[in-house]
Amino acid sequence: MNEALSRRLFEMSRLMELLGEDSFRASAHARAARAVEAMTDDVAEVAADRARLLAIDGLGPKTADKVIEFVRTGAIAEHAEFLSRVPPGLPELMDIPGLGPKTLRLIWQSAGVTDLSSLRKALAEGTLVGLPRLGEKSVEKIRQSVEFYVSQRASGADGTGRLPLGVAMPIAERVVSYLGSVATGATIAFAGSLRRGKETIGDIDILAAPRTADEGKALTAAFTSMPGVVGIISSGPTRSSVRVAPVEASSRWGIDPSRASVGVQMDLKIVPPDSWGAAMMYFTGSKEHNVAMRERARARGMTLNEYGLFPDDDPDGKKKPPHNRGVVPIASKSESEVFAALGLAYLPPECREDQGELALAGTPELIRIEDIRAELHAHTTASDGRLSIIELVERAKERGLHVIAVTDHSRSSAVAGGLSIERLVEHVEAVREVASKVEGITVLAGSEVDILADGSLDYPDDVLGWLDVVVASPHAALSQDPQTATRRLVRAIRHPMVNVLGHPTGRQILRRPGLPADMAAVYAAARECGVALEINTHWIRLDLRDTHVRGAVEAGCLLAINSDVHEASDFENLRYGVMTARRGGLAADRCVNAWPRERLLEWLGSKRGGRRVPSAGPIARGRPL
DNA sequence: GCCGTTTTCGGCCCGACTGTTTTCAGTCG
């Protein structure tokens with residue numbers, strides 16, 4: 001409901017822009033859409049009390065009534081009215097970079113462009129050249145943008161042109177390292193939604209502070225000519241934008257190799273070293289967070305831009321920007337400095353989304369990568385992993401973990417080599433054999449047990465009783481209706497031997513939505529039963545997602561951050577899971593993977609009749625526990 | 001259409017880059 005309504009409001013905002021309505025009204029609707037998106041409660045429930053809606057920042061009398069209308073009728077009359085005035089294929093064209101509402105409106109009303117195909121036709125026939133403010137060059141830029149957009153749609157999994165976090169991050173790191181080799185004295189880092197840990201990335205922002213002007217020029221030259229650049233969108237002394245394509249996508253996740261290349265826009269911003277903090281803050285965003293920060297600065301008689309926080313000596317905006325007039329900034333060198341000068345504690349990038357973070361009294365206590373000491377979800381060659389038991393254990397040890405759980409697939413996951421009961425017995429004994437030999441790490445024998453469509457588990461209870469840890473996960477039947485999905489997950493959580501609910505919704509980013517369960521019911525059951533909800537760290541999953549983590553944290557749940565290890569490199573995904581956890585406000589004490597060893601083992605044992613975990617020795621076959 | 005450490009009415013973030021312009025509009029982040 002929240003998501004559907006938020007989308008509807010965003011659409012209204014977009015349609016208003018296209019129709020040339022008051023731009024402030026349009027942005028008010030976009031703000032309302034974000035407010036609804038950020039709600040952790042079900043909007044249907046909140047809307048029962050109009051005063052509660054009005055108390056939400058960004059919702060006023062008019063938008064609150066539209067929310068109520070949507071909750072009651074499933075539609076907003078004004079939305080339908082806007083929709084009837086715009087050709088159906090037009091709004092999507094706003095996704096094309098460089099094509100904004102004004103230009104789109106112009107070519108719609110003056111050149112009859114109504115959708116992608118008529119736009120391409122108009123470009124091919126040259127009918128756009130000569131319209132007001134549209135010369136040869138502008139039209140050529142639009143043409144290139146459209147072709148790039150079309151190729152992205154053809155190659156991307158869903159046509160949004162966004163890259164998963166885990167695809168974008170390594171690219172950004174390669175570019176940062178490459179630019180660092182060009183300008184050895186420069187400070188270089190990535191910013192943007194990548195630094196905030198969003199699950200998908202629209203473009204990659206790189207920030208550089210060279211020591212000299214020559215170094216800056218060298219950086220720009222290197223950036224615009226680096227391998228993979230297929231087009232330069234713009235390039236100036238302080239900013240350059242390029243299109244990079246193609247980029248290898250992962251084949252392991254079943255993306256068709258012939259389509260396994262996606263392009264991405266990359267921006268380089270060059271700033272003076274003294275502005276590093278203000279620039280980092282500015283280019284990290286989010287946009288909405290920045291707006292809130294600048295408003296706060298203004299309210300305090302200051303003005304904030306990417307060069308620093310300045311005294312506001314020019315309220316009318318008549319003069320040149322302060323940094324061009326030699327005004328000395330109040331703060332600029334570090335982000336902490338700027339936050340402090342605005343009366344704020346340091347806010348980590350992951351919480352800069354304008355979702356109430358400016359009202360926080362201090363820096364939120366968020367989990368860090370180094371807090372993670374246990375991995376509770378890992379596969380070996382026994383099912384679909386690539387590591388043997390001992391290899392897995394050694395990799396875990398190298399990473400400083402004190403607990404590693406071997407949790408291969410259960411029998412229903414046939415394509416993933418799920419273990420029959422007989423094979424499970426052998427496997428558990430093999431794991432215990434390894435556990436008895438290695439030192440410095442506790443090795444647990446467990447299973448990632450399928451949650452069947454009706455919520456029952458894939459092994460009988462006596463078999464589950466042999467194990468040290470049970471991760472119960474949905475793998476099939478992911479298209480259930482909300483009621484069935486909720487019943488299914490809650491039933492699995494209530495099973496007395498389940499420790500962790502693995503990738504709870506089964507969603508895959510840009511690929512499939514996952515179970516539409518009532519998450520509030522899932523949180524409530526998990527809290528009551530002491531079951532940890534997993535944040536699966538693989539960048540194709542990140543399940544729970546950030547908003548779900550926030551809901552679970554607010555509901556008082558335990559969470560697990562697991563890398564669902566299938567090969568050694570999967571341990572590297574941990575950072576994406578931790579970023580997602582931080583976006584949801586998770587602190588270390590609520591994350592079972594961050595607990596001291598004994599506390600973790602005791603918690604696991606509480607679901608195994610309180611017996612000591614790990615068990616040692618052979619399984620007493622045929623004797624139900 | 002929202003909102004108030006300057007405002008209950010009149011504002012509403014800031015700067016860079018580009019192209020079509022002799023002073024600025026559109027777009028982006």
Minimal non-hydrogen separation, A:A47 against A:I68, with atom names: O-CG1, 3.9 Å

Rounded distance (Å) that lies between atom P of B:dA16 and atom CG of A:D203: 19 Å

Integer-rounded Å distance: B:dC3 P and A:L59 CG: 8 Å

P spacing across the pair B:dG1 / B:dT6, given as an integer number of angstrom: 28 Å

Rounded to the nearest angstrom, tell me the gap between atom CG in A:L358 and atom C1' in B:dT5. 15 Å

Ranking B:dC14, B:dC3, B:dT18 by distance to the side chain of A:D57, first place goes to B:dC3

Is there a side-chain contact between A:R14 and A:P101 in this structure, where contact means two heavy atoms from C-beta onward sitting under 4.5 Å apart? no

Which base, if any, makes a Watson-Crick or G-U wobble pair with B:dT8, both distances under 3.5 Å? none

When every non-hydrogen atom of A:G180 is compared with those of A:I188, the smallest separation belongs to N-CD1, 3.5 Å

Within the structure shown, what part of the strands sits under 4.0 Å from A:P61 by heavy-atom distance: base, sugar-phosphate, or nothing? sugar-phosphate

With a non-hydrogen cut-off below 4.0 angstrom, is A:G192 in contact with a base, only sugar-phosphate, or nothing? nothing

Interatomic distance, A:L106 atom CG to A:L131 atom CG [nearest 0.5 angstrom]: 5.0 Å

If you assign A:A28 and A:Y307 each to the DNA chain B nucleotide with the nearest heavy atom, which residue ends up on the more 5' nucleotide? A:A28

Taking OP1 and OP2 of B:dT20, is either one under 4.0 Å from a side-chain nitrogen or oxygen of A:S138? yes

Could you work out the separation of B:dT20 and B:dT27 based on their P atoms and round it to a whole Å? 14 Å

Kindly point out which of B:dT18, B:dG1, B:dA16 is positioned nearest to the side chain of A:K141? B:dT18

Taking the C1' atom in each of B:dC14 and B:dC9, what is the distance between them to the nearest angstrom? 24 Å

Between A:F24 and B:dC2, do the rings stack, that is, sit under 5.5 Å apart with planes less than 30° off each other? no

Using whole Å, report how far CD of A:E306 lies from P of B:dA16. 6 Å

Once you apply a heavy-atom cut-off of 4.0 Å, does A:E136 come out as touching a base, just sugar-phosphate, or nothing? sugar-phosphate

Quick one: do the A:S241 and A:D267 side chains pair a donor with an acceptor below 3.5 Å? yes

What's the CD1-C1' distance between A:I201 and B:dG29, to the nearest Å? 14 Å

Between A:Y282 and A:N290, which has a closest nucleotide on DNA chain B that is more 5'? A:N290

Is any side-chain nitrogen or oxygen of A:T63 closer than 4.0 Å to OP1 or OP2 of B:dC2? yes

Integer-rounded Å distance: B:dC28 C1' and A:L268 CG: 16 Å

Rounded to whole Å, how long is the line connecting atom CD1 of A:I142 with atom C1' of B:dT27? 11 Å

Listed nucleotide nearest any side-chain atom of A:D22, set B:dC17, B:dG19, B:dG1: B:dG1

Which nucleotide in B:dG19, B:dC12, B:dG29 has an atom nearest any side-chain atom of A:R298: B:dC12

Should A:H289 be listed as having a side-chain N or O under 4.0 Å from OP1 or OP2 of B:dG29? no

Is the closest side-chain heavy-atom distance between A:F70 and A:H79 below 4.5 Å? no

Distance, C1' atom - from B:dT21 to B:dA25, rounded to whole angstrom: 9 Å

Minimum-distance nucleotide (side-chain atoms of A:K269 versus B:dC3, B:dG29, B:dG15): B:dG29

Knowing that exactly one of A:I171, A:V229, A:D203 qualifies, which makes a side-chain contact (heavy atoms from CB on, under 4.5 Å) with A:M266? A:I171

Separation of the C1' atoms in B:dT7 and B:dC12, to the nearest angstrom: 12 Å

Side-chain atoms of A:E295 come closest, of B:dC2, B:dC12, B:dA16, to B:dC12

Candidates B:dC17, B:dA16, B:dG29 - which lies nearest the side chain of A:K287: B:dG29

Scan nucleotides 24-26 of chain B against the protein and return all N/O pairs shorter than 3.5 Å with their distances rounded to 0.1 Å.
unit_1	atom_1	unit_2	atom_2	d
B:dG26	O3'	A:T103	OG1	3.1

Find the distance A:R239:CZ to B:dT18:P and express it as a whole number of Å. 11 Å

Basic-acidic side-chain contact under 4.0 Å: A:R352, A:E335: yes

Beyond-backbone contact of A:P322 with A:T303, side-chain heavy atoms, under 4.5 angstrom: yes

From the candidates B:dA16, B:dT18, B:dG1, the one with an atom nearest any side-chain atom of A:K62 is B:dG1

Would you mind classifying the nucleic acid contact of A:S27 as base, sugar-phosphate or nothing, using non-hydrogen atoms under 4.0 angstrom? nothing

Using a heavy-atom cut-off of under 4.0 Å over every strand shown, decide if A:T303 touches base, sugar-phosphate, or nothing. sugar-phosphate

How long is the straight-line distance from OG1 of A:T363 back to OH of A:Y346, given to the nearest 0.5 Å? 8.5 Å

